Amino acid sequence: DVQLQASGGGLVQAGGSLRLSCAISGFTFDDYAIGWFRQAPGREREGVSSISRIDGSTYYADSVKGRFTISSDNAKNTAYLQMNALKPEDTAVYHCAADRDGLAWLRNPLLPIFGSWGQGTHVTVSS
């Protein structure tokens with residue numbers, strides 16, 4: 001079975017940093033793209049960032065540009081999201097997801113329609 005496990009969340013003060021990890025198992029690590037998405041209480045799930053496993057191209061939501069950095073370590077089957085200068089509005093449950101055939105990525109790399117999802121990790125940013 002395909003499994004994605006996000007970790008690294010926690011409580012941090014505004015201006016602080018966290019690094020989220022997404023461990024992927026159960027299939028050959030040649031998925032088209034990996035994405036990070038988040039969902040705050042009472043809000044819809046939104047795309048944060050995604051990375052193409054093919055050419056390394058990356059996309060970011062405007063709200064996180066310049067603060068968050070996505071990366072992927074193919075050898076470790078792990079993706080990361082480095083989050084700096086965190087704001088209270090970044091508080092959410094963060095999920096990682098895989099797009100295995102590229103259809104979701106090519107449609108919109110930040111749309112939460114990727115095919116494989118893992119359980120999220122909570123990020124709370126205090127003011």
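The shown structure was predicted, so the numbers you read here are calculated from the model rather than taken from an experiment.
In terms of heavy-atom proximity, A33 sits nearest to W105 at CB-CE3, 3.4 Å. The nearest pair of heavy atoms linking A14 to S127 is CB-CA, 4.3 Å. Smallest separation of non-hydrogen atoms from F114 and P109: CZ-O, 3.9 Å. What you find for D55 and S57 is that their closest heavy atoms are OD1-OG, 2.8 Å. Annotation for A92 and A40: closest pair CB-N, 3.8 Å, computed over non-hydrogen atoms. Across every non-hydrogen atom of V93 and G120, the tightest pair is CG1-CA, 3.8 Å.
Y94 and Y80 end up in different hydrophobic clusters when Ile, Leu, Val, Met, Phe, Trp and Tyr side chains are linked at under 4.5 Å. Both V12 and L20 are members of a single hydrophobic cluster when ILVMFWY side chains are connected at heavy-atom separations under 4.5 Å. Both L18 and Y60 are assigned to one and the same hydrophobic cluster, defined by single-linkage of ILVMFWY side chains at heavy-atom distances under 4.5 Å. Hydrophobic clustering, with ILVMFWY side chains joined whenever heavy atoms are under 4.5 angstrom apart, groups L106 together with Y59. By the rule that hydrophobic residues join a cluster once side-chain heavy atoms approach within less than 4.5 Å of another member, I70 and V123 end up as members of one cluster.
Residue T69 holds its OG1 atom at 6.5 Å from CG of N84, rounded to the nearest 0.5 Å. R38 CZ to H95 NE2: the interatomic distance, rounded to the nearest 0.5 Å, is 12.0 Å. Atom CD1 of I34 is separated from atom OG1 of T58 by 14.0 Å, given to the nearest 0.5 angstrom. Rounding to the nearest 0.5 angstrom, the gap separating the CD1 atom in I24 from the CD atom in Q5 is 11.5 Å. Note: R19 CZ to L81 CG = 10.0 Å, rounded to the nearest 0.5 Å.
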Verdict with supporting geometry, R45 and W117, side chain to side chain contact (heavy atoms under 4.5 Å, CB included): CA-CA 13 Å; R45 185 171 294 182; W117 291 80; 3.3 Å; yes
Test log, rule side chain to side chain contact (heavy atoms under 4.5 Å, CB included), inputs S116 and R100: CA-CA 8 Å; S116 301; R100 304 187 66 183; 3.9 Å; yes
Stepwise side chain to side chain contact (heavy atoms under 4.5 Å, CB included) test for L110 and S50: CA-CA 7 Å; L110 293 179; S50 62; 4.2 Å; yes
Residues W36, F68; criterion ring-ring contact (aromatic ring centres under 6.0 Å, His included); working and verdict: CA-CA 11 Å; W36 285 97; F68 290 11; 10.0 Å; no
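Looking at heavy atoms from C-beta onward, D99 lies out of side-chain contact with R107 at the 4.5 angstrom threshold. Residues M83 and R67 have side chains not in contact (no heavy-atom distance under 4.5 Å, counting atoms from C-beta outward). Put simply, the side chain of S25 does not reach to within 4.5 Å of the side chain of N77, judged on heavy atoms. By the 4.5 Å heavy-atom criterion applied to side chains, Y32 and I54 are counted as neighbours.
A salt bridge does not link D90 with K87: every distance from a Lys NZ or Arg NE/NH1/NH2 to an Asp or Glu carboxylate oxygen is 4.0 Å or more.
Heavy-atom contacts from other residues, nucleotides or ligands closer than 6.0 Å to CD of E89 number more than 12.
Counting only N and O atoms by type, the side chains of R53 and S72 include a donor and acceptor under 3.5 Å apart.
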